[in-house]
Novice: 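Shown below is the structure under consideration.
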Amino acid sequence: MIFDNQYELQRIEKSNNLKTAGKNPYPHNIQKDTSTLAFKQNFAYVASAATQRDDTVTVTLSGRIKFLRVMGKAAFVKIEDEEGLLQIYVARDNLPEGFYNDVFKKMIEVGDIITVSGYPFLTKTEELSLHVTALDITTKSIKPLPEKFHGLQDHELRYRQRYLDMIMNPDVKNIFKLRSKIVSTTRTFMEEQGFLEVETPMMHPIAGGANARPFITHHNALGIERFLRIAPELYLKRLIVGGFEAVFEINRNFRNEGMDHTHNPEFTMMEFYWAYHNYEDLMKLTEDLFERLLSELKLPSKLPYGELEIDYATPFAKIKWEDALVEIAGVKREAVRDREALKTFLKANNVKFDENLSMAKLQEEIFDEFVEAKLINPTFLTHYPIDISPLARRSDEDPEIAERFEFFVGGAEIANGFNELNDPLDQYERFAAQVANKADGDDEAHEMDEDYIQALGYGMAPTAGEGIGIDRLVMILTNQHSIRDVILFPAMKPLNITKKEKSDNE
RNA sequence: GACUCGUUAGCUCAGUAGGUAGAGCAUUUCCCUUUUAAGGAAGUGGUCGUUGGUUCGAAUCCAACACGGGUCACCA
């Protein structure tokens, strides 16, 4: 039996007693005609009424019992629905003979969902409450709730049992309401800009579009392996080849890598591709999106993020990659394109690195170590080295530079965009180089995607594309510092995994 | 993956010269018809994360493992 502790057994007995008393502990077709919030709004006038009540009206609402204070022949109960708490007053003499003592006190308890009818009144302490004239069980809870004052604190339980977290910490619901609003606002905004929302495969024959290790799954009928997508990029660009000129997708990506406060194995990204536009247009669109989000969410332009304050006033700052290394990291201007000088800089700052790294990778080490965390206000980094931008178009002015930007807020990467490489031969060679890297042991290097090359062979209009991490976007806008606090059911290790199961998988 | 801290009643937490476990809330019984973590009285409730080891004796000391938090690494 899954419910076998003493509290659960007691509650099951109460549930059975309800049945014996002719009351279904799980009835359906509940007719409620108001909510806790509407009750408080609609009956505020009771406070100024002479009798401090209005017993000419009767309303019905449902909620979960969060507090129960029985004082002999009367009780105060706080019930909670989606919108909040409401106090109800239950007195013996207002209920059918015997109901209060035999049913209410014996069979109904904290955690149960009840439906009550009654009229509004003001208590001695001037709290607008419902004076109950009818009360019934709506859903019997056979699991006791955590302690009412401290609630549920344990992070592990909060993530594993999000439903319980939501019951005990109702504020978490606000984060997910905001998340929903952010996604729907983003979707509406993109559609208004003329983008078409599309859905591309989640199961890929080749995991491409990013450098990351994929999850592998199996197709039984075909007897082949599939990879959960690490990015939708290559499919979306096939659609540009096919003739759509502005597409976007908001959906999940899967990366088989470590988990921490900014990484969940499945995460939500918006990617969009815009033909006949360039990455400057993307940056403008990103600014416009943020302005829209702040106004839609009714947020001021300066938002707290932990100890920081982030100023979202547009236009956002722009800084070139090499300038950031010089001005923020403190690399000497003449050293920026000098491999040996970059190594000297890294050594002088006690950064461990691989001596064989290319110049761009050395720059990246410096960037990651000394620049990224300092990009607090929204900032576009531009003029990336081509060497660390395998899918981006080469600059016409400087072949070492990619027409690309990354967007940082609060010291974290939020978006990445660039002019797409549409030269099929150049793309073929870059894939070939990645394949060589893979052969040398880089298990995150791209594989050759011949169909994608074929697609580019037909000609992809000049296109700019961008990916925005939705989870991180939600984090910075809601002042949450763990990705697990913006994902309803974050990935957790399984409990009770046996050693055998584990060794079987190794 | 590394380091580190944690895991004790349903929940929040105490608990070492090593001597078969405590509080508050919850729960059970009783009192109480305007409470606000209601109050008063008396009870029930625990494989002290798991498995081994040291010991006459382990929640406590040791080891391994599991899960979680934090930091780092990985993640353009």
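Each chain gets a letter, A, B and so on, in the order the sequences are listed, and its residues count up from 1.
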Novice: Answer yes or no as to whether B/rA37 has its base stacked against A/Phe149, where stacking requires a ring-centre separation under 5.5 angstrom and planes under 30 degrees apart.
Specialist: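 Yes.
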Novice: Determine the Euclidean distance between corresponding C1' atoms of B/rC48 and B/rU33; express it in Å to zero decimal places.
Specialist: 44 Å
Novice: Would you indicate which nucleotide in B/rA73, B/rG45, B/rC30 comes nearest to any side-chain atom of A/Glu369?
Specialist: B/rA73
Novice: Need the pair for B/rA9. Rule: Watson-Crick or G-U wobble, both distances under 3.5 Å, any strand; none if unpaired.
Specialist: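 Matched B/rA9 with nothing under the 3.5 Å cut-off.
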Novice: Under 4.0 Å between a side-chain N or O of A/Lys14 and OP1 or OP2 of B/rU28?
Specialist: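 So the side-chain polar atoms of A/Lys14 do come within 4.0 Å of the phosphate oxygens OP1 or OP2 of B/rU28, strictly under.
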Novice: For B/rC3, what is the paired nucleotide under Watson-Crick or G-U wobble rules, both distances under 3.5 Å?
Specialist: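 By the stated definition (distances under 3.5 Å), B/rG70 pairs with B/rC3.
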Novice: What interatomic distance, in whole Å, is found between P of B/rU54 and the corresponding atom of B/rC62?
Specialist: 15 Å
Novice: Please report the distance separating the C1' of B/rU29 from the corresponding atom of B/rU16, rounded so that it comes out in whole Å.
Specialist: 38 Å
Novice: If you check every side-chain atom of A/Thr123, which of B/rU34, B/rU12, B/rU33 has the closest atom?
Specialist: B/rU34
Novice: Rounded off to whole Å, could you give me the CZ-to-P distance for the A/Phe76 and B/rA38 pair?
Specialist: 12 Å
Novice: I want to verify a distance call: between B/rU28, B/rA73, B/rU29, whose nearest atom is closest to the A/Lys106 side chain?
Specialist: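 Of the candidates, B/rU29 comes closest.
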Novice: Report the distance from atom CG of A/Asn169 to atom P of B/rC11, rounded to the nearest whole Å.
Specialist: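 About 14 Å, once rounded to whole Å.
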Novice: With a sphere of 6.0 Å drawn around CE of A/Met71, does it hold more than 12 non-hydrogen atoms of other residues, nucleotides or ligands?
Specialist: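 Yes, enclosed.
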Novice: Mind checking the C1' distance from B/rA59 to B/rA9? Whole angstroms is fine.
Specialist: 14 Å
Novice: Within the 4.0 Å heavy-atom criterion, would you say A/Lys143 contacts the bases, only the backbone, or no part of the nucleic acid?
Specialist: nothing
Novice: Would you kindly give the CZ-to-P distance between A/Phe67 and B/rA26, to the nearest whole Å?
Specialist: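 Between P of B/rA26 and CZ of A/Phe67: 11 Å.
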Novice: Considering heavy-atom distances to RNA chain B, does A/Asp154 or A/Gly209 have its closest nucleotide positioned more toward the 5' end?
Specialist: A/Asp154
Novice: What does B/rU27 pair with, Watson-Crick or G-U, if both distances are under 3.5 Å?
Specialist: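 Across any shown strand, B/rU27 pairs with B/rG43.
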Novice: So, is A/Arg160 near the phosphate of B/rG68, with a side-chain N or O under 4.0 Å from OP1 or OP2?
Specialist: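 A/Arg160 to B/rG68 OP1/OP2: side-chain N or O found under 4.0 Å.
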Novice: Before you tell me yes or no, could you show the steps for A/Lys237 and A/Glu420 under salt bridge (charged side-chain N to carboxylate O under 4.0 Å, His left out), namely the whole-Å CA-CA distance, both residues' side-chain angles and the distance that decides it to 0.1 Å?
Specialist: CA-CA 9 Å; A/Lys237 286 194 280 195; A/Glu420 301 297 335; 2.5 Å; yes
Novice: Just checking, A/Arg162 and A/Phe489: is the charged tip under 6.0 Å from the six-membered ring centre and within 45° of the axis?
Specialist: no
Novice: Between B/rG68, B/rC32, B/rU12, spot the one nearest the side chain of A/Val70, thanks.
Specialist: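 Of all the options, the side chain of A/Val70 is nearest to B/rC32.
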Novice: For a quick test of reading the model: is some side-chain N or O of A/Lys124 closer than 4.0 Å to OP1 or OP2 of B/rU34?
Specialist: no
Novice: Of the nucleotides B/rG69, B/rU33, B/rC11, which one has an atom closest to the side chain of A/Leu152?
Specialist: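 My answer, after comparing the listed nucleotides, is B/rC11.
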Novice: May I have the distance from A/Asp165 (atom CG) to B/rC11 (atom C1'), rounded to whole angstrom?
Specialist: 14 Å
Novice: Take atom P in B/rU50 and the same atom in B/rC67, then report the distance between them in whole Å.
Specialist: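 Going atom to atom, P in each nucleotide, I get 15 Å.
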Novice: Using a heavy-atom cut-off of under 4.0 Å over every strand shown, decide if A/Phe367 touches base, sugar-phosphate, or nothing.
Specialist: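 Here A/Phe367 touches no strand at all.
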Novice: May I have the step-by-step check of salt bridge (charged side-chain N to carboxylate O under 4.0 Å, His left out) for A/Glu13 and A/Arg11, ending in yes or no?
Specialist: CA-CA 5 Å; A/Glu13 189 183 346; A/Arg11 284 173 167 259; over 6 Å; no
Novice: Any N or O donor-acceptor pair under 3.5 Å from the base of B/rU33 to the side chain of A/Tyr89?
Specialist: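 Result: at least one qualifying N/O pair found.
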Novice: From the options B/rG24, B/rU35, B/rU27, select the nucleotide whose nearest atom is closest to the side chain of A/Tyr7.
Specialist: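 It is B/rU27.
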Novice: Of all the nucleotides listed (B/rC11, B/rU34, B/rU44), which has the minimum atom distance to the side chain of A/Gln6?
Specialist: B/rU44
Novice: Is a side-chain donor-acceptor pair under 3.5 Å present for A/Thr115 with A/Thr138?
Specialist: yes
Novice: Considering only the P atoms, how many Å lie between B/rA42 and B/rA58, rounded to the nearest integer?
Specialist: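 These two P atoms come out 35 Å apart once rounded.
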Novice: Which nucleotide, B/rG45, B/rU33, B/rG69, lies nearest any side-chain atom of A/Lys73?
Specialist: B/rU33
Novice: Between B/rA38 and A/Arg69, is there an OP1 or OP2 to side-chain N/O distance shorter than 4.0 Å?
Specialist: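 Answer is yes, contact under 4.0 Å.
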Novice: Under a 3.5 Å cut-off for both contacts, is B/rU60 paired Watson-Crick or G-U wobble with anything, and if yes, with which nucleotide?
Specialist: none
Novice: Roughly how far apart, to the nearest Å, are B/rG46 and B/rG10 at atom P?
Specialist: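 About 8 Å, rounded to a whole number of Å.
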Novice: Between the base of B/rU27 and the side chain of A/Glu109, is one N or O donor paired with an acceptor at under 3.5 angstrom?
Specialist: no
Novice: Rounded to whole angstrom, note down the P distance from B/rU4 over to B/rA64.
Specialist: 11 Å
Novice: Out of B/rU35, B/rC11, B/rG69, which nucleotide sits closest to the side chain of A/Glu127?
Specialist: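 My answer, after comparing the listed nucleotides, is B/rU35.
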Novice: What is the distance, rounded to the nearest whole Å, between atom CD of A/Glu8 and atom P of B/rA26?
Specialist: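 Those two atoms, CD and P, are 18 Å apart.
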Novice: Would you name the heavy atoms of A/Leu152 and A/Pro146 that are closest together and state the gap between them?
Specialist: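 Heavy-atom minimum between the residues: CD1-CG, 4.1 Å.
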Novice: Side-chain donor-acceptor pair under 3.5 Å between A/Arg53 and A/Tyr119, yes or no?
Specialist: yes
Novice: Roughly, in whole Å, what's the span from NZ in A/Lys66 to C1' in B/rA38?
Specialist: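 In whole Å, B/rA38 C1' lies 18 Å from A/Lys66 NZ.
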Novice: Using Watson-Crick or G-U wobble geometry with both distances below 3.5 Å, tell me the partner of B/rC32, or none.
Specialist: none
Novice: Between P on B/rG70 and NE2 on A/His155, what's the gap in Å once rounded to a whole number?
Specialist: 7 Å
Novice: How do A/Arg404 and A/Ser482 order along RNA chain B: which one's closest nucleotide is nearer the 5' end?
Specialist: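 Its nearest nucleotide being more 5', the pick is A/Ser482.
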Novice: With both distances under 3.5 Å as the test, what is the Watson-Crick or G-U wobble partner of B/rU54?
Specialist: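 Paired with no nucleotide.
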Novice: Quick one: A/Met71 CE to B/rU34 C1', roughly how many Å, whole number?
Specialist: 6 Å
Novice: Describe the nucleic acid contact of A/Met492 in one word from base, sugar-phosphate, nothing, applying a heavy-atom distance below 4.0 Å.
Specialist: sugar-phosphate
Novice: Between A/Ser358 and A/Arg339, is any side-chain donor less than 3.5 angstrom from a side-chain acceptor?
Specialist: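 No donor-acceptor contact under 3.5 Å links the two side chains.
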Novice: Taking all atoms of both residues into account, what is the closest heavy-atom pair of A/His261 and A/His481, and its distance?
Specialist: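 Taking every non-hydrogen atom into account, ND1-O, 3.4 Å.
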Novice: For B/rC65, which nucleotide is its Watson-Crick or G-U wobble mate, given both distances must be under 3.5 Å?
Specialist: B/rG49
Novice: Distance check: side-chain N/O of A/Lys148 vs OP1/OP2 of B/rA38, anything under 4.0 Å?
Specialist: yes
